[in-house]
Protein chains: 2
Amino acid sequence: MLNPSADPHLEKGIVTQLRGYLAQIDLADDGRLPPERELSAALGVSRTELRKALDVLEAEGQLWRHVGKGTFMGSRPLDTFADIAALARRSNPAEVMRARIVMEPEICRAAAFTATPEDIAEMRLCLTRSRQADTWRQYEAWDTRLHRTIAEASQNTLLLGLFDTLNAVRRAVTWGRLRTEPVKPLPDHHSFAEHEAIVDAIEHRDIAAAAAGMRAHLQTVERKLLDRQ
Amino acid sequence: MLNPSADPHLEKGIVTQLRGYLAQIDLADDGRLPPERELSAALGVSRTELRKALDVLEAEGQLWRHVGKGTFMGSRPLDTFADIAALARRSNPAEVMRARIVMEPEICRAAAFTATPEDIAEMRLCLTRSRQADTWRQYEAWDTRLHRTIAEASQNTLLLGLFDTLNAVRRAVTWGRLRTEPVKPLPDHHSFAEHEAIVDAIEHRDIAAAAAGMRAHLQTVERKLLDRQ
DNA sequence: ATATAAACCAAATCCAAATTGGTATCCAAC
DNA sequence: GTTGGATACCAATTTGGATTTGGTTTATAT
C-alpha cells in the first residue's frame, strides 16, 4: 500500500473503536480499565496500535496512565507535592492564626462528640507534660501534640489530614522565628488553664464549651502573637 | 527473702539499668532500639520485667512503642498524611460531608466579613448559570465554582488552599458514584434557594446567617446523600 | 517503511512469611 | 495467695520475592 493517507484513517478507526468500547463497558469505581495486553487482545489490535489510540485519548485529557498502576478514565488526580511549600510561601503568620481560629474550634466541637477515654487520657498526659516542660521547645512539642490529639479524637481522617496540612504550613511559616525568651514557660502561662478547660469540656461532652474554649484559647494566642510584633 | 520491699527496689534497678543501657548504645538514625525479646536477653531480665521498665520510660515520654514497628526513643512522630490520594483512599463520602459541614460554614462566615462586590457578582453569576444548567455535570461545575468563590472571598490563601484540598479529596472519593441520574436538576432543586440565601447573607454582611445558611445547605446535601444509600 | 510480536525495564502492586509490641495462660517459688 | 517467669498466641506492621503494568527497545515479516 503506497498511499500513506490510509494509515491515519486506520488509526482513527482504532481510536473510535476504543471510544465505543470505553463507552460500552462499565468500569470499576476507580475508573481503571483493563491492562493494555488484555485490551489489545479484546479489541483485536496490536498493543502498539492500541497505545497510539490511548496516546490520543490521553492527550485529550480523557484518561491518564501510570506505570505499574494502570490506565484510568477521567483527569489525573492532583499531585500535591508543592502544596505545603507553595502555601507557606504565599501565607503569613496572621493568616495562619485566622485559619486556625476558623478550623480548630469546629474540629474541637466534633471531637467533643467522638473522643474516646483513650483520647482524653492522652490529652491529660499532654497537659501534665506541658506543665513539666523545662524548655519552650519541649512545651511546644506537647502543645502541638495536644492539639493534634484533639484532631485525632474527631475520628475523621479527612479533618485530621486538613489539620496536619494546616500545621505543616504553620511550622513552615514560623520557621526561623525563634522565641525571644530563653526561659521556660511560667506556671501561670495562659495556655495551661485554657488547655485544661478545653479538655474538661471534651470529657464532659460539653460541645459548646469545647468549641468556645478552643476559640478563646486561639484568640489569646493570636493576641499575644500580634502584641509581640 | 521475706521482705517484699526488695521487689520494688529491684524493679527500679531494672529501670536504671535500662536507662544506662539506652544512654550507652548509639541507636540507629530513626531512634529504634532492639526488640523486646533481644533486649530482655541482653539485659538478663525477663521480658515481663523489661516491659514494666519500658512502661515507666514511655509514661515519662522518653520513648514510644507501636505494635509491629518497634520501640523508639524520643517523642512519637506525627504521621501526617497530607497526600490527597492517601486521604481519599482512607476516607469515604460520609467523612467528606462531615468535614465539609465542619469547615465550609466557618469559611463562609469569614467570607461574609471580607467579600468584595466583585466576589458577590461572581457568586450571583454562579447562581444564574447553575439554574440554567442542562446537565448534572454542568450544574455541578457551577455549584463547585460557587463554593470556591465563597472560599476565595475569605481572602485567606491558607483557608482557600485547605478548601481546595478538601475539594480534591471530595472529587476523588465520590468519583464513579451517583451515576444513576441522567436527568438535569429540576427547577425546584433544594440547592437553588439555599445558595441564594447564602449569597444574600454574605451581601448583607449578615455573618451569622451566612454561616447558618451554609450549614443548613450542607446538612440538606448530606441528608440527600444518605437517603440515596 | 510500517506494523507486529517479543523481550526487557522500572515502577507499582500483591501476597505470604517473618517481626514486633500487647495479652493471656500456665506453672513454679516463696 | 501473690508474684514473677516462660510460653503461646494475637493483631498490626514490615519485609522480600513474585507478579502486574505502562513504557521502551529490538528483531522480524510483509
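Everything quoted here is computed from the prediction, not taken from an experiment. The sequence lines fix the lettering, A, B, ..., with proteins before strands; numbering per chain opens at 1.
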Residues forming a side-chain contact (heavy atoms from CB on, under 4.5 Å) with A/Thr128, sequence neighbours excluded
A/Gln132
A/Ala212: what forms a side-chain contact (heavy atoms from CB on, under 4.5 Å) with it, not counting sequence neighbours?
none
Residue pairs, two or more places apart or on separate chains, that pass salt bridge (Lys or Arg N to Asp or Glu O under 4.0 Å) and touch residues 14-23 of chain B
B/Arg19-B/Glu60
Gap between atoms CD and P, on B/Glu49 and C/dA29 respectively (whole Å)
17 Å
Nearest whole angstrom, please: distance from the P of D/dG5 to the CG of B/Leu43.
13 Å
Take nucleotides 9-25 of chain D nucleotide by nucleotide from the 5' end and write B, S or -, depending on whether a protein heavy atom sits under 4.0 Å from the base, only from the sugar-phosphate, or from neither.
B--BSS------BBBB-
For B/Phe163, give me all partners under ring pair (Phe, Tyr, Trp, His ring centres under 6.0 Å), at least two apart in sequence or on another chain.
none
Identify, with sequence neighbours excluded, every residue that meets side-chain hydrogen bond (donor to acceptor under 3.5 Å, both in side chains) alongside B/Glu106.
B/Arg109
